[in-house]
Amino acid sequence: MGCRFDQIIDRRNTQCVKWDATAEVFGREDLLPLWVADMDFTAPEPVIEAIKARADHGVFGYEIKPQSLDEAVMDWLKTRHNWAVDPNWLSYSPGVVVGLATAILALTEPGDRIVIQPPVYPPFFSLGDQNDRIVVENKLIEKDGRYTMDLVELEEIFRSGVKVMILCSPHNPVGRVWSRDELLALGELATKYDVTVLSDEIWADLVFPGNQHIPLASLSPEIADRVITFMAPSKTFNLAGFYLSNVIIPKETLREKFASQVQRLGNAHSNVFAPIAAEAAYRYGGPWLDELLDYLDENASYVQRELAKIAPKIKVVKPEGTFVLWLDCRELGLPSEELNQFFVEKARLALNDGSAFGESGAGYLRMNIGCPRSLLEEAMKRLAQALEGYKK
Ligand SMILES: Cc1ncc(COP(=O)(O)O)c(C=O)c1O
């Protein structure tokens, strides 16, 4: 019997970026979309039920976030991440990117330096650039496909004067789930040099067996005082279209600065459905998530096995978390533009261009594996055929 995640759901004509914007972005109609980081799965049933019940009410005025949502979030953080969060620390934002932008505006001035660790989620660059901050790159170190932090360089950067760093934990696109030692080292540097870490932990729940996500702020009270943590039900339960994320700020002065900026932007509310979806997901979505993680883990193994057979020049290290694979295509010897062209024109696959994640991403592609396995089988078939043609 197939599992629920095997079911193909036609997402076309649902105003979804991944399927409905592919032709416009990539210039062809016949591509299999494996780009934007949401999944082709329905949300957990209790979420759908809760949304339907709210829709049936028919009145959609201004929303509040009930205390029961705070409780559901805090229970989740305690059970899943062993992190006891005080209710005063918790607030919400219409998405993690909005939360990061709010924190940057609250804590830095134009011309200030912000550290990021490429290759990394593209908005980390644009949030700095577009707000006239200077983005300082502390590139990850890659060895045999596995990435680590360059903590020596990070200390030099911190020493030369930085107010804020954006951490991606777990890391999109390289799939690392940072270890306790790595996070401790980072936290100690942030404490020593008085740097506030905006810890983007949107992928916290999507971690494969054998790995454990550790919230940076849970390491010690000293570290917690330097951290704003962003988490969300969006990646975890495939609810990105609701635009709701959790912001956790233990230190009161930081919390006040963040809250004032939210007020300045007039950005304190979400849509009426988001809190309902989030609460149902956190309360009842655990078993769905456990099944999902097994499925994604097998998806990752499947693509890794297939690529080793059909395209041994494309290297992929199995991620420790997330639902994206970071494909090292450098051995194909194609400049970025030709690599993208090959995947679009020959393989008819829409993947993210690695160079969008920073110059250290050139020669890479990011593949989203949050879809039924049969779509990945189709993708591997298309790639094998394209490579056959390419060899001739
Ligand atoms: C690291 C990271 N942060 C934030 C986001 C997007 O967050 P949101 O949709 O809540 O703004 C993504 C989406 O892929 C992501 O990978």
Side-chain angles (χ1 to χ4, degrees), residues 15-18 21 25 33-40 43 73 91-105 114-128 130-131 135 140 147 164-178 197-207 213 215-216 228-248 262 265 267 269-271 273-275 277-278 281-282 296 319-326 350-354 356-358 361 364-371:
Q15 303 87 40
C16 74
V17 177
K18 191 173 173 188
V25 172
L34 302 170
W35 57 304
V36 178
D38 64 23
M39 300 185 281
D40 298 330
V73 174
S91 63
Y92 300 91
S93 172
V96 168
V97 172
V98 173
L100 289 169
T102 306
I104 287 170
L105 292 173
I114 296 177
V115 183
I116 64 171
Q117 296 180 309
V120 74
Y121 181 56
F124 286 14
F125 293 87
S126 50
L127 282 170
Q130 288 172 2
N131 287 304
V135 175
L140 298 177
Y147 286 81
V164 162
M165 163 175 186
I166 314 179
L167 172 70
C168 196
S169 174
H171 192 97
N172 168 19
V174 308
R176 277 297 316 279
V177 174
W178 303 116
V197 182
L198 311 182
S199 193
D200 179 342
E201 302 185 19
I202 196 169
W203 294 96
D205 300 312
L206 291 154
V207 163
H213 172 75
L216 178 66
I228 300 185
T229 306
F230 300 90
M231 288 186 179
S234 50
K235 300 284 172 211
T236 312
F237 300 107
N238 209 25
L239 306 177
F242 283 114
Y243 290 98
L244 183 70
S245 56
N246 318 321
V247 186
I248 302 149
V262 169
L265 295 168
N267 204 9
H269 288 281
S270 71
N271 65 77
F273 290 105
Y282 283 132
L296 293 175
E320 296 166 345
T322 78
F323 51 75
V324 294
L325 297 185
W326 188 231
L351 275 67
N352 291 93
D353 175 0
F357 298 78
Y364 288 78
L365 292 166
R366 192 190 71 170
M367 176 189 273
N368 178 345
I369 56 163
C371 61

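Reckoned from all heavy atoms, side chains included, excluding hydrogens, waters and symmetry mates. We count ligands from 1, going down the list as the structure has it; atoms in each ligand are counted the same way.
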Seminar exercise, completed: Looking only at protein heavy atoms, what sits closest to atom 10 (O) of ligand 1 is Val96 N, 2.7 Å
Exercise. Ignoring hydrogens and geometry, is there a side-chain-to-backbone donor-acceptor pair from Lys235 to Ala37 under 3.5 Å?
Worked result: yes
Exercise. Under 3.5 Å, side chain of Asn246 to main-chain N/O of Ile248, donor-acceptor pair present?
Worked result: no
For this session: Check each atom of ligand 1 against the heavy atoms of Ile202 and keep those under 4.0 Å away; list them by number with element.
Result: 1 (C), 2 (C), 3 (N), 4 (C), 5 (C), 6 (C), 7 (O), 10 (O), 15 (C)
Exercise. Taking Ser245 for the side chain and Ser93 for the main chain, is one N or O donor matched with an acceptor at less than 3.5 Å?
Worked result: yes
For this session: Could you say whether the N/O atoms of Phe124 and ligand 1 ever approach to under 3.5 Å?
Result: no
For this session: Decide whether an N or O pair under 3.5 Å exists between Val97 and ligand 1.
Result: yes
Exercise. Any N or O on Ser245 sitting closer than 3.5 Å to an N or O of ligand 1?
Worked result: no
Seminar exercise, completed: Near Gly95 (heavy-atom distance under 4.0 Å), the atoms of ligand 1 are 10 (O), 11 (O)
For this session: Starting at CG of Leu365, measure out to CG of Asp353 and round the result to the nearest 0.5 Å.
Result: 7.0 Å
Problem set entry | Closest protein heavy atom (residue, atom, distance) for atom 14 (O) of ligand 1 | Lys235 NZ, 2.7 Å
For this session: Output yes when the distance from some N or O of ligand 1 to some N or O of Asn172 is under 3.5 Å, and no in every other case.
Result: yes
Exercise. If you round to the nearest 0.5 Å, how far is CG of Leu325 from CD1 of Ile369?
Worked result: 4.5 Å
Seminar exercise, completed: min-distance protein heavy atom vs atom 9 (O) of ligand 1 -> Tyr243 CE2, 4.6 Å
Problem set entry | Separation between CD of Glu320 and NE2 of His171, rounded to the nearest 0.5 Å | 12.0 Å
Problem set entry | Residue and atom name of the nearest protein heavy atom (relative to atom 6 (C) of ligand 1), distance in Å to one decimal | Tyr121 OH, 3.1 Å
Problem set entry | Distance filter under 4.0 Å to Cys168 heavy atoms, resulting ligand 1 atoms | 1 (C)
Problem set entry | Distance filter under 4.0 Å to Ala37 heavy atoms, resulting ligand 1 atoms | 14 (O)
For this session: Just let me know how Trp203 lines up against ligand 1, side chain, backbone, both or neither, with a heavy-atom cut-off below 4.0 Å.
Result: side chain
Exercise. Step by step, would you call Arg366 with Asn172 a side chain to side chain contact (heavy atoms under 4.5 Å, CB included)?
Worked result: CA-CA 9 Å; Arg366 192 190 71 170; Asn172 168 19; 3.1 Å; yes
For this session: Take the angle between the ring planes of Phe242 and Phe273 and call it parallel below 30°, perpendicular above 60°, tilted in between.
Result: tilted
Seminar exercise, completed: Ranked by distance from atom 3 (N) of ligand 1, the top protein heavy atom is Asp200 OD2, 2.5 Å
For this session: Mark yes or no for whether Thr322, through its side chain, and Val324, through its backbone, hold a donor-acceptor pair below 3.5 Å.
Result: yes
